[in-house]
Amino acid sequence: MKYVSTRNQSPAVGLSQAIAAGLAPDGGLYVPESLPEKRQLRAGATLAESAAALLRPFFQGDGLEGDLDAICREAFDFDAPLKQLGTPNDHVLELFHGPTAAFKDFGARFLASALNRLRKERERPLTIVVATSGDTGAAVAAAFHRQPGLRVVVLYPDGRVSPRQAHQLGCFGDNVVALRVAGSFDDCQALAKRALNDTGLQAKAPLSSANSISLGRLLPQMGYYAHASLQHWEQYGKPLNFVIPTGNLGNGLAAVLARSLGAPIERIMFSTNANRVLPEFFAGGDYVPKNSVATIANAMDVGAPSNFERLRWLYREDDPALRDAFVTISVDDETIRRTIQQRHQRFGEIFCPHTATAVHMLKQLRGEGESGDWAVVATAHPAKFESVVEPLLGRSLEVPPALAELLARPASAEPIEPDYDALSRCLMA
Ligand SMILES: *Cc1c(COP(=O)(O)O)cnc(C)c1O
């Protein structure tokens, strides 16, 4: 399988090269030259086996092909349970049982495991530069921590991530450098992008990205959608539908790809916060990237969803067809808070603010008479967002053991101005 750029101005490359590069040289995103045929998938496999079955055609002919099973075992070594909710035919797919309690652990661990194998051919240490609004940086830092020959530099907007997210970002040390930037997430992303496009700097310190544009993060995320929908099919003989809390569209796109490869998934819908770029497009408007606005579901504070370009490519730029294929809603902070409170009062269920946008969307669908089997995707553990969730519940949340272990370590981050010279000095050090 070869990979081409969404902008068609770069040569086709193999998977290893696409994973190592992150962005294509023409500024586009790597996509497979053609989508693989539907797969024969079987229920009863482990999560790692389900992921490998889906990923196999994407690895065909690549140097990493022989390592695929081992990479999947390393990345998918914790559960993604599908659980029944208090309301009939409603389920939740819990993706927060990894080391940093968010779904990004799956993709980050897969990428680390793949790069670790590619690195053997490389001489100089590779620096992973990652801009984060909270969860990405922690997942990447945890996945790459103490990996020989790899270093991580994380940029996050100072004061705009939750206290526990900040702690997670600063608690690794060793080969992980946390920079708290006096600016917004967009400033962090602009700095990271500039570094990744700086050929002069790259000649001295090779860089790679680990943002959600990386195929090494995107593709493995298909695994849990296939696994959950197959399990549901086996148990109920019915396809599963998903509502996915969405920011950069990486997790959502993985579900779309899993479905096209044969996972028994029917409809896919996206929920988001007050950042309305996708809802406006899917409601018939133009695609107009904007500055992001800050919300209590901060991992989805995205004004220019990076994987949108891939979704458009998948629909061959046919925007009317794309608009018809998906529904997206925007959920404001007040509704998120109310949803968290109500589900707790009525059913004893506790959701993080991102997941709550999906729960609200599903409630709205049920109100319109929708009767299929649905799963909301729980993208993070609520204890990660304690400053939002605990006041709503009026009690403190139990912290999952992996997260508790990180929070018990000391943490520190270096302050920097949103200034490119400051970052490049740090990357050269
Ligand atoms: C990253 C993140 C999202 C958004 O995922 P995308 O792949 O960017 O759409 C949603 N919820 C949580 C908790 C996240 O960390």
Side-chain angles (χ1 to χ4, degrees), residues 29 80 92-108 110-111 130-143 156 160-162 164-165 168-169 185 189 209-222 224-225 242-258 268-275 277-279 292 295-311 326 328 330-331 336 340 350-361 376-386 388-389 400 403:
L29 309 186
V92 58
L93 176 59
E94 290 183 354
L95 300 181
F96 53 65
H97 296 281
T100 70
F103 81 90
K104 294 186 175 82
D105 282 323
F106 286 108
F110 191 95
L111 177 67
V130 50
T132 183
S133 55
D135 284 348
T136 298
V140 169
Y156 71 91
R160 302 203 197 179
V161 304
S162 84
R164 278 187 184 156
Q165 282 179 315
Q168 275 188 312
L169 292 165
F185 170 67
Q189 197 153 37
S209 89
N211 283 332
S212 67
I213 54 157
S214 167
L215 277 181
R217 279 185 51 193
L218 174 71
L219 295 176
Q221 294 174 169
M222 294 185 299
Y224 43 74
Y225 289 110
F242 286 103
V243 186
I244 305 173
T246 292
N248 273 315
L249 252 173
N251 202 11
L253 188 65
V256 175
L257 292 173
I268 295 168
M269 294 192 180
F270 307 127
S271 60
T272 191
N273 55 25
N275 289 277
V277 174
L278 291 175
S292 60
T295 74
I296 57 171
N298 66 10
M300 307 195 302
D301 291 351
V302 175
S306 49
N307 281 294
F308 183 73
E309 199 166 315
R310 281 196 172 110
L311 197 62
F326 300 99
T328 301
S330 161
V331 182
I336 292 174
I340 293 173
I350 306 174
F351 298 105
C352 90
H354 312 79
T355 310
T357 64
V359 173
H360 174 72
M361 186 169 189
V376 295
V377 175
T379 48
H381 192 287
K384 237 181 143 164
F385 300 91
E386 82 287 2
V388 175
V389 179
L403 183 55

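Counting starts at 1 for both ligands and their atoms, following the listed order. Below, all heavy atoms of this structure are taken into account, side chains as well, without hydrogens, waters or symmetry copies.
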Starting from [atom], locate the nearest protein heavy atom and write down its residue, its atom name and how far away it is, to 0.1 Å.
atom                    : value
atom 11 (N) of ligand 1 : Thr379 OG1, 2.8 Å
atom 4 (C) of ligand 1  : Gly247 N, 3.5 Å
atom 5 (O) of ligand 1  : Phe103 CZ, 3.4 Å

Would you say [X] and [Y] make side-chain contact, with heavy atoms under 4.5 Å?
X      : Y      : result
Lys384 : Thr100 : yes
Met269 : Thr246 : no
Thr357 : Pro245 : yes

Parallel, tilted or perpendicular: ring planes of Phe106 versus Tyr224, cut at 30 and 60 degrees: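 Phe106 and Tyr224: tilted rings.
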Is there a donor-acceptor pair under 3.5 Å between the side chain of [X] and the backbone N or O of [Y]?
X      : Y      : result
Ser271 : Ala358 : yes
Gln168 : Gln165 : no
Asn273 : Val331 : no
Arg217 : Lys104 : no

Going by the atom numbers of ligand 1, which of them fall below 4.0 Å from some non-hydrogen atom of [X]?
X      : answer
Asn251 : 7 (O)
Asp135 : 12 (C), 13 (C), 14 (C), 15 (O)
Thr246 : 9 (O)

Check this for me - ligand 1, [X], N or O atoms closer than 3.5 angstrom, yes or no?
X      : result
Pro245 : no
Gly250 : yes
Cys352 : no
Asn248 : yes

Shortest reach to atom 14 (C) of ligand 1 by a heavy atom, considering only Lys104, Gln165, His354: Lys104
